[in-house]
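I have placed the structure first, in the form of structure tokens, so that the comments after it can refer back to it.
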2 protein chains.
Amino acid sequence: MKQADAPPPEARTGIPRRANTRQILAAAEHVFGRHGFHGASMMEIAREAGLPKANIHYYFGTKEDLHRAVLEQILAEWLQDADTWLHPDISARTGFEGYIRAKMTFSRKRPDASRLFAHEVLQGAPNIYPYLSTTLRDHVAGLARTFDVWKARGEMRVDVDAYHLMFSLWGMTQTYADMSTQMCAVLSRTTLTAQDHDKSIETILMLILDSCTPVAARQTETRS
Amino acid sequence: MKQADAPPPEARTGIPRRANTRQILAAAEHVFGRHGFHGASMMEIAREAGLPKANIHYYFGTKEDLHRAVLEQILAEWLQDADTWLHPDISARTGFEGYIRAKMTFSRKRPDASRLFAHEVLQGAPNIYPYLSTTLRDHVAGLARTFDVWKARGEMRVDVDAYHLMFSLWGMTQTYADMSTQMCAVLSRTTLTAQDHDKSIETILMLILDSCTPVAARQTETRS
DNA sequence: GTCTATACGCTGATAGAC
DNA sequence: GTCTATCAGCGTATAGAC
């Protein structure tokens, strides 16, 4: 249902539309991510998309409409990582590790998406609060049930609050996209290296697995 | 050197200045924190400070100057928490616990300050990058030395990277100010309760202490 | 020192030619 | 469908009266 790219003749109505909207969405994610909603200008988005400014308004009505469109696209792929890994069918250790690696990969590959979301929530989520209080809310409730299964199986500590654990996981992983400028300054780098990313994943895995996983399930790495 | 408040007659030059500048800085922290630099308007700051718009420009030249002033004030108190608690004179467990509680208290009491900082770093820290790459950089290097002492004393796991541990600590604690809107939506609250904050501190303490602290130092709470 | 009135630039949005 | 030219409103900053 979603064939993309390849700019054919405009024989059939609305075919080049797809290519243009994708370019606009990509440019918008980049510009909104870097400057936030108010700091971004439609002209800069148009320039980056290689289109005249008026076309943006033709495809997506207002600036707010475009912003919402980008956000919804991001949030859709956002939840998939959790559904894949935080699932009762796999073990707690494997699940946590897979989820953390997926979130860290997302932070590295698409930092602008993470920053765009951060900007939105920082301002009180004016555009996506309804989504957060319904879809995301139910989603996290589902994750809590997964944790209950893991706890019942003895794969996870029983006295861990599901919601606050998720908040900490989000905070730790997304900070590597949102606050990367600060990290570069502290580490005296112009950009985070592959080694930095490996170390960051290693650290977060240690924090989560060594505290949320019962002692019985981990013996190999207590080298201190 | 820093006597404040009390609006006396303008017999001596520049006395009411103090009261006004403090009001302006407080209003600016609030407005910048809620809307970010570009989203904030000088008119709103003036209204909240109870002063005409032109006075703001009289005291602090441009909008950027005011923004920088607020940021520097925040960053000054920012580092004190770490200096107090992450210090070789006290034990690792007490130090981590004190630091986490201090950061979480700051996130609860002055969320606008945390959000203002987040907005700035999200945009690439255009105003405070020099500060981050000098003062903050050296500061974190000092914390790493504290951790080395704790490791040598056997109070902390030796295979924990100091920098990434700090990044995770910042991410977990500041997310409770920056992303509080998202948490309220997920938890179905209009505002985070005292119980929520207690649980958040408890969760973070567990994550840090149970993974960074050697097994010998903790026996009482392994109830799973 | 304080405040009102205003100038100027920037940006979102649209009308209308092609 | 596509793009150029233009409008209208907002927001920073300042000039100048008090």
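Worth saying up front: this structure is predicted, and the values here are computed from it rather than measured. Letters go in sequence order (proteins before strands), and every chain restarts at 1.
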State whether a side-chain donor-acceptor pair under 3.5 Å links B:Asp81 with B:Tyr99. no
Taking CZ in B:Arg189 as the centre, count heavy atoms belonging to other residues, nucleotides or ligands within less than 6.0 Å. Is the count above 12? yes
Could you check whether A:Glu97 pairs with A:Arg101 (Lys NZ or Arg NE/NH1/NH2 to Asp/Glu carboxylate O, under 4.0 Å)? yes
In whole Å, I'd like the distance from the CG atom of B:Asp65 to the C1' atom of D:dT12. 13 Å
Let me know the distance between CE of A:Met42 and C1' of D:dT4, rounded to the nearest Å. 17 Å
How close or far is atom C1' of C:dG12 from atom CD1 of A:Ile45, stated in whole angstroms? 11 Å
Identify whether the distance between the nearest side-chain nitrogen and carboxylate oxygen of A:Arg145 and A:Asp148 falls below 4.0 Å. no
Nearest whole angstrom, please: distance from the C1' of C:dG12 to the OH of A:Tyr59. 19 Å
Would you list the protein and nucleotides 4-6 of chain C atom pairs, both N or O, that sit under 3.5 Å from each other?
none

Output yes when B:Lys199 and A:Asp161 qualify as a salt bridge under the 4.0 Å nitrogen-oxygen rule, no when they do not. yes
Test item: side-chain donor near acceptor, A:Tyr176 and B:His164, under 3.5 Å: yes
Return the angle between end axes of the helix from C:dG1-D:dC18 to C:dC18-D:dG1, with five pairs used per end and rounding to 10°. 10°
Could you tell me whether the phosphate oxygens of C:dG1, OP1 or OP2, come under 4.0 Å of any side-chain nitrogen or oxygen in B:Asn20? no
Taken to the nearest whole Å, CZ/A:Phe60 to C1'/C:dA13 is 16 Å
Does one side chain, of A:Arg115 or A:Ser180, offer a donor that lies under 3.5 Å from an acceptor on the other? yes
What nucleotide, of D:dT12, C:dG1, C:dG12, holds the atom closest to the side chain of B:Ser41? D:dT12
Using a 4.0 Å heavy-atom cut-off across all strands, classify A:Ala40 as base, sugar-phosphate, or nothing. sugar-phosphate
Is there a donor in the side chain of B:His30 and an acceptor in the side chain of B:Glu48, or the other way round, less than 3.5 Å apart? yes
Do A:Asp196 and A:Thr193 have side-chain atoms, one donor and one acceptor, less than 3.5 Å apart? yes
Please report, rounded to the nearest Å, how far the P atom of C:dT11 is from the CZ atom of A:Arg47. 11 Å
Please report, rounded to the nearest Å, how far the C1' atom of D:dT2 is from the CG atom of A:Leu51. 9 Å
Where the side chain of A:Tyr58 is defined as all heavy atoms beyond and including C-beta, which of C:dG1, D:dT2, C:dT14 is the nearest nucleotide? D:dT2
Round to a whole Å and report the spacing from CD1 of A:Ile56 to P of C:dG12. 11 Å
